[in-house]
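Only one structure is covered here, and it is reproduced in the block below.
First the proteins, then the strands, lettered A, B, ... as listed; each starts at 1.
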2 protein chains.
Amino acid sequence: MATGRTHRPATRSRGIPEATVARLPLYLRALTALSERSVPTVSSEELAAAAGVNSAKLRKDFSYLGSYGTRGVGYDVEYLVYQISRELGLTQDWPVVIVGIGNLGAALANYGGFASRGFRVAALIDADPAMAGKPVAGIAVQHTDELEHIIEDNGVSIGVIATPAGAAQQVCERLVAAGVTSILNFAPTVLSVPDGVDVRKVDLSIELQILAFHEQRKAGEETGHESAAPAPVADAGAVEAGRKGPDGDVPAVMPA
Amino acid sequence: MATGRTHRPATRSRGIPEATVARLPLYLRALTALSERSVPTVSSEELAAAAGVNSAKLRKDFSYLGSYGTRGVGYDVEYLVYQISRELGLTQDWPVVIVGIGNLGAALANYGGFASRGFRVAALIDADPAMAGKPVAGIAVQHTDELEHIIEDNGVSIGVIATPAGAAQQVCERLVAAGVTSILNFAPTVLSVPDGVDVRKVDLSIELQILAFHEQRKAGEETGHESAAPAPVADAGAVEAGRKGPDGDVPAVMPA
DNA sequence: AGTTGTGAAGTGTTTCACAGCA
DNA sequence: TGCTGTGAAACACTTCACAACT
């Protein structure tokens, strides 16, 4: 997944597998595109192709949410958009703070995909006093001194860390102390957090290294390997997937 | 999943599990830090803590690479750094192009973690003629027209796409046609590529959505059940036979 | 006829627990 | 004694294949 990490073992509530959760946003994106084109219904096969997964997996995933399809017909696009949004908690408003307004922080602040999915950038925070007051993506940057106030005043529970690695753990501790319980970490360092706090990480250099591993192997196989027969038509957009996440899931980028 | 996976179906050659490959960069980072502090050896327990995994997993991972440790002592830091680097293909030089030099592309270009791990930014490419010639991270941005030349002249096999979603597939096709076989995609869209091309994706909004999912669960659990302010949570109870879904709240639209 | 929903089988990953070696 | 390396067990995830339903 993106990597992604930090298991929350306890918490049985409703047993949606982590791997499924990591794919729901993918389905949601594909469904949103269909919705914008006013497509009323979609089959598992079509939707799976649009999301880059196979249809059996998609149907299994949806089966954890409930029986939202109609046999012989498919899924109602609007209804599914609603159900998945609700399942992901996107029907509510999530104020988010971004700490570390370098290039990456600015890129995140400007990223349109947030607002459209229930996330609202409540504040941009940077340690550089020279940044204070400067507008980025239409929001004035605030100094780190304000961090605790901002979190508390806005009821922020999700924080994004886009600082250099050296500052990340300290920022993390302040966020957590102020009440943040979910953190998306772009700094290339392992954060340690108390129980009950979720961390997901994105590290560009890790993703590139994984690509390099496979790239290297391709080069090695080119010679002295069987099969000239070039592939059995290759199904849909193979590739891609989420890792769940699991850190899997993987995920990727870095600090400014 | 970060956040991302990428299937490589057949290809058994050397059977290092994908999950293990995804963790090697993590170990490498921790080991590099130890190396800089001149720590000579490290136990699986210590290294695992530094990398944020558990020690049994780490030992299992290393066992796929070979027997590089010493019982009763631990692992030689320098030796392991070398072995992992070699396994990941980081002992060679990987020229990389970044396409799409907005905030994110610029953040990537400025990322120091590249050079230190065998990656070299060979070129920055943007479709905006006004960007051409401008220096970003000390490299002059080139126009998209040059894409094919650049790839071929530099023997680039890894490309990073940081364009808007609408341009991504087209850029991808040009990269692949010019010889790129590994792509790191930051655009929020599913890329379709021919067999033999690896894609890993990083989607900032997906990671946040996964956090929101867990965050919502936390809110719902806080007080034995819902009752906590936010979180719809749609408790079970109601429903009826036939529909197994949660379905607790006002559906926007019902399925046909 | 067409498509979902899902048990069951298959595959991959993590964890356990301890034998084997320094 | 201490720590690695690894079978075996447990768990998670994916795929198959078909019954159930529209």
Side-chain angles (χ1 to χ4, degrees), chain A residues 1 3-9 12 15-24 27 41-49 51-77 79-80 83 235-236 238 240-250, chain B residues 1 5-12 15-24 27 41-49 51-77 79-80 83 241-245 254-256:
Chain A
M1 108 180 127
T3 89
R5 179 60 46 55
T6 298
H7 309 318
R8 37 195 345 266
R12 211 41 298 197
I16 299 183
E18 196 54 36
T20 295
V21 171
R23 280 187 296 266
L24 292 180
Y27 302 143
T41 62
V42 67
S43 70
S44 62
E45 201 70 54
E46 293 163 334
L47 182 54
V53 304
N54 83 43
S55 64
K57 194 187 283 183
L58 178 144
R59 288 200 302 280
K60 188 61 125 181
D61 283 342
F62 285 178
S63 79
Y64 294 115
L65 309 183
S67 291
Y68 296 147
T70 307
R71 292 167 204 248
V73 177
Y75 300 92
D76 181 279
V77 171
Y79 185 61
L80 249 195
Q83 290 298 345
D235 74 313
E240 295 251 25
R243 130 157 21 181
K244 158 310 3 314
D247 181 342
D249 177 26
V250 229
Chain B
M1 112 208 297
R5 217 135 293 166
T6 299
H7 308 321
R8 38 190 359 266
T11 333
R12 55 269 94 129
I16 300 184
E18 194 56 34
T20 294
V21 172
R23 281 187 296 266
L24 291 180
Y27 301 145
T41 61
V42 67
S43 70
S44 62
E45 201 69 55
E46 293 163 333
L47 182 54
V53 306
N54 83 43
S55 64
K57 195 188 284 182
L58 178 144
R59 288 199 303 278
K60 188 62 132 183
D61 284 342
F62 286 179
S63 79
Y64 294 116
L65 309 183
S67 289
Y68 296 148
T70 306
R71 291 168 204 247
V73 177
Y75 301 92
D76 181 278
V77 172
Y79 185 59
L80 248 195
Q83 291 298 344
R243 265 285 139 66
K244 143 198 169 202
M254 281 301 286

[X] [atom1] to [N] [atom2], straight-line distance once rounded to whole Å:
| X | N | atom1 | atom2 | value |
| --- | --- | --- | --- | --- |
| A:Ile16 | D:dT14 | CD1 | P | 14 Å |
| A:Leu58 | C:dT6 | CG | C1' | 14 Å |
| A:Glu45 | D:dA17 | CD | P | 15 Å |
| B:Tyr64 | C:dT14 | OH | C1' | 9 Å |
| A:Asp61 | D:dA12 | CG | C1' | 13 Å |
| A:Lys57 | D:dA12 | NZ | P | 17 Å |
| A:Asp76 | C:dT4 | CG | P | 13 Å |
| B:Phe62 | C:dT14 | CZ | C1' | 16 Å |

Query raised in the report: Should A:Arg23 and A:Val53 count as side-chain neighbours, where that means a heavy-atom distance under 4.5 Å?
Result: yes
Query raised in the report: Does the side chain of A:Leu65 reach to within under 4.5 Å of the side chain of A:Leu24, using non-hydrogen atoms?
Result: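 When only atoms from C-beta onward are counted, A:Leu24 and A:Leu65 do touch, with a gap below 4.5 Å.
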Give every pair of a protein N or O atom and an N or O atom of nucleotides 8-11 of chain D that lie under 3.5 Å apart, one pair per line with the distance.
none

Requested in this report: Rounded to the nearest 0.5 Å, what's the gap from OG1 on B:Thr20 to CD on B:Glu18? Could you check?
Outcome: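 Between B:Thr20 OG1 and B:Glu18 CD, I get 9.0 Å after rounding to 0.5 Å.
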Report task. With rounding to the nearest 0.5 Å, note down the distance linking CG in B:Leu58 to OH in B:Tyr27. Result ->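 If we round to the nearest 0.5 Å, B:Leu58:CG and B:Tyr27:OH are 4.5 Å apart.
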For [X] and [Y], which heavy atoms make the closest approach, and how far apart are they?
| X | Y | value |
| --- | --- | --- |
| A:Thr41 | A:Asp76 | CG2-CA, 4.2 Å |
| A:Tyr68 | A:Gln83 | OH-OE1, 3.2 Å |
| A:Ser44 | A:Ser55 | O-CB, 3.8 Å |
| B:Tyr64 | B:Gly15 | CD2-O, 4.3 Å |
| A:Leu47 | A:Val42 | N-CG2, 3.7 Å |

Short heteroatom pairs, N/O only, protein and nucleotides 9-12 of chain C, under 3.5 Å:
none

**Report entry** Under the side-chain hydrogen bond (donor to acceptor under 3.5 Å, both in side chains) test, residues paired with B:Ser43 that sit two or more places apart
**Finding:**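 Once residues adjacent in sequence are excluded, the partners of B:Ser43 under the side-chain hydrogen bond (donor to acceptor under 3.5 Å, both in side chains) criterion are B:Glu46.
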Query raised in the report: Are any of A:Arg23's side-chain N or O atoms less than 4.0 Å away from OP1 or OP2 of D:dT14?
Result: yes
Query - Below 4.0 Å: OP1/OP2 of D:dT15 and any side-chain N or O of A:Asn54 - result: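 For D:dT15, OP1/OP2 do have a side-chain N/O of A:Asn54 under 4.0 Å.
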What N/O pairs connect the protein and nucleotides 1-3 of chain C at under 3.5 Å? Give each pair on its own line.
{"unit_1": "C:dG2", "atom_1": "N2", "unit_2": "A:Gly72", "atom_2": "N", "d": "3.4"}
{"unit_1": "C:dT3", "atom_1": "O4'", "unit_2": "A:Gly72", "atom_2": "N", "d": "2.9"}
{"unit_1": "C:dT3", "atom_1": "O2", "unit_2": "A:Gly72", "atom_2": "N", "d": "3.3"}

Query raised in the report: By ring-ring contact (aromatic ring centres under 6.0 Å, His included), which residues pair with B:Tyr75, not counting sequence neighbours?
Result: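 Partners of B:Tyr75 by the ring-ring contact (aromatic ring centres under 6.0 Å, His included) criterion, ordered by chain and then number, come out as B:Phe62.
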Report task. Note the angle between the end axes of the helix from C:dA1-D:dT22 to C:dA22-D:dT1, five pairs defining each, rounded to 10 degrees. Result -> 0°
